Amino acid sequence: MDYKFNEIEAKWQMYWAENKTFAAKTDPSKPKYYVLDMFPYPSGAGLHVGHPLGYIASDIYSRYKRLQGFNVLHPMGYDAFGLPAEQYAIQTGQHPHKTTIENINRYRSQLDRIGFSFDWDREVRTCDPPYYKWTQWAFLKMFDSWYNTESDSAEPISELVARFEEDGNQKVKAACGDVPVFTASEWNGFSDKEKADILMQYRIAYQGETSVNWCPALGTVLANDEVKEGLSVRGGYPVEQKKMKQWQLRVSAYAGRLLDDLESLEWSDALKEMQRNWIGRSYGAQMVFKVINPDPADGSKFDRTYDMEIFTTRADTVFGVTFMVVAPESDWVEKLTTASQKEAVDEYIRQVKKKTERERIAETKTVTGVFSGSWAVNPFTEEKVPVWIAEYVLAGYGTGAIMAVPAHDSRDYAFAKKFGLKIIPLIEGCDVSEESFDAKEGIMTNSGFLSGMSVKEAIPAAIEEVERRGIGHRTINYRLRDAIFSRQRYWGEPFPICYKDGIATPLPESALPLELPEVDTFKPAGGEPPLARAKNWTYEGYPLEKSTMPGFAGSSAYYLRYMDPHNDKALVSTEADHYWRNVDLYVGGTEHATGHLIYSRFWNKFLYDLGYVCEKEPFKKLVNQGMIQGRSNFVYRVKNTNTFVSCGLKDNYDTTEIHVDVNIVYNDRLDIEAFRKWRPEFEDAEFILEDGEYICGWAIEKMSKSMFNVVNPDNICDTYGADTLRLYEMFLGPVEMSKPWDTKGIDGVHRFLRKFWRLFFGGGEGLEDFTLSDDEATPAELKILHKLIHKVETDIESFSYNTSVSAFMVAVNELGALKCNKRKILEPMIVLLSPFAPHIAEELWQMCGHSESISYAAFPVYHEEYTREDTFDYPVSFNGKTRFKITLSKTVSKGDAEKAVLAAPETAKYLTGPVKKVIVVPGRIINIVV
RNA sequence: GCUCGGGUGGUGAAAUUGGUAUACACGCCGGACUUAAAAUCCUGUGGACAGAAAUGUCCGUACGGGUUCGAUUCCCGUCCCGAGCACCA
């Protein structure tokens, strides 16, 4: 009987759906296991073979855990809000909801073909109002909270108000914006508007004026992780810096916890490192420098002096400060510019503003700057140093001002060289004539009381002195900034915020979800977001916020929603949260390292602070699947002809390289007939062949429509079946590794499944019937089985699925050679294979007489005694070089092995001198040192 | 520039983490079946040298050194590839 994978796969996919085989129920009597995939954005292009890689890996793990008796939660859903649907809508006028639903349906049918064990009853879509109700709810909670840095936790804003009324804000330690100090009576005297403005500075979701990434082409602001090299990640449009009032999330308040808690996670070191870099903690000191503006540009006749605060990690180098620098965007520019320098400074600022972010990055090597006219006083040397304005200092990091130590910082050095500023070396024996000495090592010199100390000693000593003088203090700075939370777009969650007399006011929870209104067209409305087009976009007569939330809003807590997806009273019930807790295994790409994976952790910690969830971290273990790249094929057209020359001969002609659809190429051989039909202009193409075939060239590129290298999993399922696709994707290499898709080896995997099938049908000569024998298994057969159980179990635990597939192939070949058709061997084999190739497993399992799905079977138990070797060929080596083998019992003792080897007749042959040492590693090797 | 990964046959890749390097698969060579092809099955397949042959010897995990009885694995240096960050003071 043939292995008819198409019939088998359709049959079991229907069975699983009808019987809800994979529905997870909250069942405290069973241990839980939560396996999650990063849910996809349903793009118009559909799935290609790269997308399911991670889903297959996690599905194998889910099915394996289920066989081990765990109550497995393995859901799937869609990250359905997003820019592409909106841009498509602007172009075509189609409602993004409509195209999104169409794309989701397409994804669903493609996913169903591959036979995943998802619990579809728990599906979520971020664009569904019952879902985004809880995204909006979380925003309201953040709006209604502040971050107490004493308790290191988010707390309700009402408690903060109570403290203000009682005591003012002097004693409040919070992560907040700039707020003046006020007393209780001052607070109580403030107007509603003044109070609202102050509270806004404390909220975790707050509105603030900052420099943002503004993308004119997309007409929206973007978060830092949505911008790369000055271009938008989506679309690659230029991005500029612009000061705007935007909603933001105070992610920076959580920087320390986000960094520290990484320790407890089972994530790859590479990913943890990426997050560490992104959060960027540096230990240092904040220090005040007196600054004097001798001739203020505002026409005042008097000197102005200020306290300018800077951040440094090298407090030990204060003695080498020869100038100060402030960022061009900083408020200091206005205060420090002197009348005589005003013209030069204005011109410089104008130049800087003109540059796009991209130009600024491209020109990092050109040093620019202008003297402000003001002078600072070095607190340790009392020396006066000039204050400059320069682009290389960033307004957003630290205080936007620095002390410059050209001898020991390469950027300061470049600046000093360009503008002829003094360079004072502080480390004994360092040479700063060509470049700065940046390393934190050596002995201090020229440094007053620090001279003679090592750098490691000098840093804390300098900070101590700073603290003693009361001009600064030890501090920690983070690179992580608050997340910009508003987008000037249509296709996202509306903010549950209205404006009463200009005061941002939250809607009551009962008004949620605040549904997205209809608009006639999705384009921005003049300078305003598309929601400005909505008729009557008000709440109780008050105008509603017109921007929407960014993509990461809906994906930040979706893993919680899966635990209790139909609950309309809470994001997740306490009962469900306490049972499912957090994600045990999360599978997805590295591209979310500094976006979603930071935001989700932040979101979770916030909910944890408020007591809504019981775990500090959302994703315990994380596996990053590699990208599957495309393998493009080329044909070579001889210039100005319609003749195509085979790859091996192309150097003899002047040719143009043309991408050809990989679906009409087989093992780099072009299907000429299909090529002629592919495009009308190739209908009468001529070919110059080699050995009667047209060989195509190839290259590894990103899998994309424009390269004609997209391989659709549906096609693979048609010709080989889903089980082959699943096995093959795993067989390609380790899940974490990026690799090009190459269909070359797929026959081998398919052949393996046929061989496995044949074990049940080819028992005797010419037998076509299903035959299983109930005979006892032989030791040889048991050994094959148990070796495999052990291998598969350890491989699945460590995500080495590729070697598991190899082990299956070996076992099937060995059993085939033994003509083994014994139930006692083959039934456990089916169970072992079922996570990898579930359809064929279900079919054979049923044929074996089981009425229940194989998902409810138990994973076979490994017995070591079946695989233990009785004897072992010990390689006997002399000084590490193998000479012969000796067969000994595997349990032989060290002493016995030594004796046996020395007594062996071959030994004498190879002994060239007296035996110095005999090394025996039991079960491995014997080495004789002579 | 800084930080992480990596470099093993013609190809994708294994190697119980210091113990017989190249499992498994693709490709290729040869063979069986066939009028023929496809499909299927079997055999061989790192390199060099020696031999009629079985077989044997030497060299081989990017390169150069080191530790060790023994190194793909550990240490030092060099080269190359990939990823991330990039004026973060």
Side-chain angles (χ1 to χ4, degrees), chain A residues 228-229 268-282 284-285 310-314 317 325 327 360-361 363-367 390-394 396-405 408-412 414-415 438 477-481 590-591 593-594 624 626-627 667-668 727-728 731-734 736-752 754-755 758 790-791 794 800 802-811 813 816 872-882 885 916-930:
Chain A
K228 242 174 210 175
E229 290 172 5
S268 72
D269 290 337
L271 201 87
K272 284 190 194 178
E273 194 60 29
M274 250 188 254
Q275 290 215 338
R276 279 190 205 109
N277 287 342
W278 190 258
I279 296 167
R281 170 151 64 193
S282 34
I310 57 100
F311 172 76
T312 181
T313 53
R314 294 292 303 270
T317 60
V325 188
R360 233 180 122 158
I361 288 164
E363 291 169 14
T364 46
K365 278 173 193 82
T366 28
V367 180
E391 271 185 289
Y392 84 93
V393 170
L394 306 175
Y397 184 77
T399 60
I402 62 150
M403 61 176 216
V405 186
H408 302 291
D409 182 288
S410 52
R411 296 153 304 183
D412 297 345
F415 196 80
D438 290 16
N477 230 307
Y478 293 96
R479 205 187 76 107
L480 186 71
R481 317 255 189 99
T590 1
E591 65 272 21
T594 52
N624 288 118
M627 291 258 287
N667 287 344
D668 290 340
L727 276 169
Y728 184 58
F731 184 66
L732 229 41
E736 298 91 336
M737 192 187 283
S738 284
K739 56 233 153 186
W741 176 263
D742 190 345
T743 320
K744 252 188 208 161
I746 200 165
D747 290 303
V749 171
H750 188 65
R751 215 167 286 155
F752 153 72
R754 308 264 285 260
K755 281 185 195 169
R758 224 179 299 137
H790 188 58
K791 179 76 180 145
T794 52
S800 310
N802 52 330
T803 52
S804 270
V805 179
S806 297
F808 274 117
M809 290 176 175
V810 173
N813 281 340
F872 184 79
D873 284 343
Y874 285 76
V876 179
S877 48
F878 291 81
N879 294 339
K881 293 200 172 168
T882 309
K885 281 172 192 162
K916 280 188 196 149
K917 204 168 25 164
V918 180
I919 294 152
V920 177
V921 181
R924 292 250 181 268
I925 201 161
I926 294 169
N927 190 30
I928 300 173
V929 187
V930 287

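Note that the structure is predicted; figures quoted are calculated from it, not measured. Letters go in sequence order (proteins before strands), and every chain restarts at 1.
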To the nearest 0.5 Å, tell me how far A/Asp409 CG sits from A/Met403 CE.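 One finds 9.5 Å between CG of A/Asp409 and CE of A/Met403.
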Give a yes or no on whether A/Arg276 atom CZ has more than 12 heavy-atom contacts from other residues, nucleotides or ligands under 6.0 Å away.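 Atom CZ in A/Arg276 is crowded, with more than 12 foreign heavy atoms closer than 6.0 Å.
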Distances under 3.5 Å between nitrogen or oxygen atoms of protein and nucleotides 2-5 of chain B:
from  : atom 1 : to       : atom 2 : distance (Å)
B/rU3 : O2'    : A/Glu273 : OE2    : 3.2

Separation of [X] atom [atom1] from [N] atom [atom2], in whole Å?
X: A/Arg481; N: B/rC85; atom1: CZ; atom2: P; result: 14 Å
X: A/Glu591; N: B/rC85; atom1: CD; atom2: C1'; result: 17 Å
X: A/Lys917; N: B/rG70; atom1: NZ; atom2: C1'; result: 11 Å
X: A/Arg479; N: B/rC87; atom1: CZ; atom2: C1'; result: 12 Å
X: A/Asp438; N: B/rC87; atom1: CG; atom2: C1'; result: 12 Å
X: A/Met274; N: B/rA86; atom1: CE; atom2: P; result: 12 Å
X: A/Asp409; N: B/rG1; atom1: CG; atom2: P; result: 17 Å

Partner nucleotide, any strand, of [N] [Watson-Crick/G-U, under 3.5 Å]:
N: B/rU73; result: none
N: B/rC24; result: B/rG12
N: B/rU3; result: B/rA83
N: B/rU55; result: B/rA50
N: B/rU67; result: none
N: B/rU35; result: none

Is there a side chain to side chain contact (heavy atoms under 4.5 Å, CB included) between A/Leu732 and A/Trp741? Walk through the geometry before answering. CA-CA 8 Å; A/Leu732 229 41; A/Trp741 176 263; 4.0 Å; yes
Of all heavy-atom pairs between [X] and [Y], which one has the smallest distance, and what is that distance?
X: A/Ala404; Y: A/Val325; result: CB-CG2, 4.4 Å
X: A/His408; Y: A/Arg314; result: O-NH1, 4.4 Å
X: A/Met274; Y: A/Thr594; result: O-CG2, 4.3 Å

Worked check of side-chain hydrogen bond (donor to acceptor under 3.5 Å, both in side chains) between A/Thr590 and A/Asn624: CA-CA 6 Å; A/Thr590 1; A/Asn624 288 118; 4.7 Å; no
Would you check if the distance from the ring center of A/Tyr478 to the ring center of A/Trp278 is below 6.0 Å?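 Centroid separation for A/Tyr478 and A/Trp278: 6.0 Å or greater.
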Whole-angstrom distance between [N] and [M], as gauged at atom [atom1]:
N: B/rG65; M: B/rA54; atom1: P; answer: 36 Å
N: B/rA39; M: B/rC74; atom1: P; answer: 44 Å
N: B/rA53; M: B/rU35; atom1: C1'; answer: 37 Å
N: B/rA83; M: B/rG10; atom1: C1'; answer: 28 Å
N: B/rC33; M: B/rG46; atom1: C1'; answer: 33 Å
N: B/rC76; M: B/rA71; atom1: C1'; answer: 15 Å
N: B/rC28; M: B/rU11; atom1: C1'; answer: 11 Å
N: B/rC41; M: B/rU34; atom1: C1'; answer: 13 Å

Would you kindly compare A/Gly398 and A/Ile928 by the position of their nearest RNA chain B nucleotide and give the one closer to the 5′ end?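 Whichever sits nearer the 5' end wins; that is A/Ile928.
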Given 3.5 Å as the limit, does a donor-acceptor pair link the side chain of A/Asn477 with the main chain of A/Ser282, or not?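 Answer holds: no.
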Each nucleotide of nucleotides 10-25 of chain B classed B (base within 4.0 Å of a protein heavy atom), S (only sugar-phosphate) or -, in 5' to 3' order, makes --BSS-B--BB--BBS
Contact class for A/Thr590 vs. all strands (heavy atom < 4.0 Å): base, sugar-phosphate, or nothing?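 No contact.
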What pairs with A/Phe415 under ring pair (Phe, Tyr, Trp, His ring centres under 6.0 Å), at least two apart in sequence or on another chain?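 Counting only residues at least two positions away or on another chain, A/Phe415 forms a ring pair (Phe, Tyr, Trp, His ring centres under 6.0 Å) with A/Phe323, A/Trp388, A/Tyr392, A/Phe419.
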Checking side chain to side chain contact (heavy atoms under 4.5 Å, CB included) for the pair A/Ile928/A/Val876: CA distance, chi angles, key distance, verdict? CA-CA 7 Å; A/Ile928 300 173; A/Val876 179; 4.1 Å; yes
